[in-house]
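Note that this is a predicted model, so its numbers are computed, not measured.
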Number of protein chains: 2
Amino acid sequence: MTGGNKNDKVNMKTLAKELNLSTATISKAMRDSYDISHETKLRVMEAARRLNYVPNAYASSLRKQSSNTIAIIIPEIADSFFSQAINGIESIIAPQKYHALIYLTHDSYEREASMFNDLASGRVDGVIMSVASSTQDTGHIKKLQETGTPIVFFDRVCEDVTADKIITDDYNSAYNAAVHLLLAGCKNISLVTISGYPSILSAREQGYRDALNNNGFTTDDTRVVTCSNKYMGENVNEIKAHLTTVKPDGIIATVEQLATATYLACDELKLQIPGDVKVVCFTNQITAAILNPPLTTVLQPAYDMGKQAAEILFSRLSGRLIESEQELVMPSQLVARASTAS
Amino acid sequence: MTGGNKNDKVNMKTLAKELNLSTATISKAMRDSYDISHETKLRVMEAARRLNYVPNAYASSLRKQSSNTIAIIIPEIADSFFSQAINGIESIIAPQKYHALIYLTHDSYEREASMFNDLASGRVDGVIMSVASSTQDTGHIKKLQETGTPIVFFDRVCEDVTADKIITDDYNSAYNAAVHLLLAGCKNISLVTISGYPSILSAREQGYRDALNNNGFTTDDTRVVTCSNKYMGENVNEIKAHLTTVKPDGIIATVEQLATATYLACDELKLQIPGDVKVVCFTNQITAAILNPPLTTVLQPAYDMGKQAAEILFSRLSGRLIESEQELVMPSQLVARASTAS
DNA sequence: ATGAAAGCGCTAACAG
DNA sequence: CTGTTAGCGCTTTCAT
């Protein structure tokens, strides 16, 4: 360890001394202020480079009461939808020299609430989030909002929180997915979903129910499999049990993690897709096209949703956006593949 | 917006006034210091809760010269290996109340270097990283190390930087993958890889070459397809061209993103896997088992690698670990599936 | 165009 | 056990 971490610590004072200027002048020069002469700026820049000077982020944040940092709060990172959304967010914030703190709730309300409590520390200027599936009470979110920290939701939004929201048309997407299965000849369609409160889950379920009901089918609750956990093995078992007892000829899976579980369940029961059961899943997995069989998906514009969320958050931060909170609905796309072929 | 962001800002002074104590006492009470009476601590806690007091993170960081924040610097987030590794990192840092800033290099040296320059601002206490494939010069990394910021590499390490490193045995994994293909009857094995400098790429290539050479096969450079970009379409075309001209009967793909490209290339050329070409890929994709056909993978312990990286970083940060930097080699696992069946 | 000085909110000596 | 004091490094009036 070369450990030059104590003595050669170079700050504004060092620079000021080096150039016979005040720290105020250095500060202004570094930020390219209008009332510093061009020549002085050049001298400052040169010295900064030469001495490896980088302004201390926390001193600056403390003084300015703003941090150029946002929080991304999501349930899970090993998920194509969320990781693509992060790419979208990053595409906007990185050029602006903003920083992203990432927090994973693992769908736990307790963790989410604890994270929000911490964020009141002024650590971030704003938040982009997808709420945990187990979150019902939203007091923690409203409390942070009250401190003046803007929050933008994407995908898993909270209905009872007033904030900017980026979603896809979950109701229609599910409705269309169900119609797609009906047109493929299914008479007996089940929904495989996860437990939780976010409105996107109920919207997807309602879209599924309405599509069936509007087309002469009934939808009793036995046709809805609610996977209660994230352990692949248990989900597979729940789905297998359903396939064995209810014998659906079509399945709509509402979240990405259920795609693999559904395929494995069919596999283990030697059920053919799409012969015995047709499957469509809400997922952004890039491998959907090369699955056995290729999976019909409801594809969300994850990258663009992240981009939009970041852009709206920036508008709020800059004060440019003063209108009331908006809900932006972006289009999902049903990509038909062999898993739903007639 | 209830906007209580100005007037009711509650800090230590507020609390001190409220309780007729000094800010020093508040500070110590909040941190559960031994020289504060139990009773006072309770009063402080109560008041803190009542007034929604949360210590300002930046004031604390500035004063303590440490931020309880680390940086995770990776090439890409929409990648199973990296997102699983992040889960591993998070499992260690979250309970310790550490925060993670995430930076994506998109494999660009310029972005990586610029990020490292910024980190000299004291924003983070340490770094966990996987280097960009285009990074050859490592000056930016060494420069940050010289400020005393510990860096732990995982997977894509820099050979010429002295630091803690968590890797898998890339040479042997590739060697074994090649042997696996030979045993499956391949006579004509190609490597599909990406351009770049990280030693894991050359190790994987060397393992492949040695396995063939040691078993009586030659490995000329025409058998190595170097995909130069990340646009799926172009990669598919490069692989198709190779399949058409060289006609390999076995393929080893060195990184996750090449799995889908390879499958699509075979698909478009109507080549059967494993009949015409057998395929094995370094990937952690959960869908490997349900691909058409199920894909033989070299599975890295991504979650545990992230965990280890975080644990070692914490040892460094706490000063517990004083020995010289270590390289921890963790085992990969060859998971044989139908894509390499004889 | 530059500088002096105050202070962001917290912590760590040190005194009492 | 509690308080006083001096900063951490920066930004921002306000003078000059």
Considering just the side-chain nitrogens and oxygens of B:Gln65, establish if one lies under 4.0 Å of OP1 or OP2 belonging to D:dG9. yes
Base, sugar-phosphate or nothing for B:Ser61? Non-hydrogen atoms, less than 4.0 Å. nothing
From CE of A:Met30 across to C1' of D:dG9 the rounded distance in Å is 13 Å
From OH of A:Tyr58 across to P of C:dG7 the rounded distance in Å is 26 Å
In whole angstroms, the gap separating P of D:dC8 from CG of A:Asn56 amounts to 11 Å
In whole angstroms, the gap separating P of D:dC8 from CZ of B:Arg123 amounts to 21 Å
Practice problem: Kindly say whether, by distance alone, the side chain of A:Lys9 makes a donor-acceptor pair under 3.5 Å with the base of D:dG9? | Solution: no
Taking atom types as modelled, is there a side-chain donor on B:Asp125 or B:Ser67 under 3.5 Å from an acceptor on the other? yes
If you measure only the distance, is there a donor-acceptor pair under 3.5 Å linking the side chains of B:Glu112 and B:Thr135?
yes
Nearest-nucleotide check on DNA chain D, B:Tyr34 vs B:Leu62; residue mapping nearer the 5' end is B:Tyr34
Rounded to whole Å, CD1 of B:Ile36 lies from P of C:dT11 at a distance of 13 Å
In whole angstroms, the gap separating C1' of D:dG7 from CG of A:Asn11 amounts to 12 Å
Give one of base, sugar-phosphate or nothing for A:Ile26, where a contact means two heavy atoms less than 4.0 Å apart.
-> nothing
Salt bridge (charged side-chain N to carboxylate O under 4.0 Å, His left out) between A:Glu46 and A:Arg50, intermediate numbers included: CA-CA 6 Å; A:Glu46 181 280 323; A:Arg50 178 160 45 83; 2.7 Å; yes
Q: Could you tell me whether the side chains of A:Asn11 and A:Thr14 share a donor-acceptor contact shorter than 3.5 Å?
A: yes
In whole angstroms, the gap separating P of C:dT11 from CG of B:Asp35 amounts to 14 Å
Between NZ of B:Lys28 and C1' of D:dT2 the distance, given in whole Å, is 7 Å
Side-chain contact check for A:Arg63: nearest option of C:dG7, D:dT2, C:dA1 is C:dG7
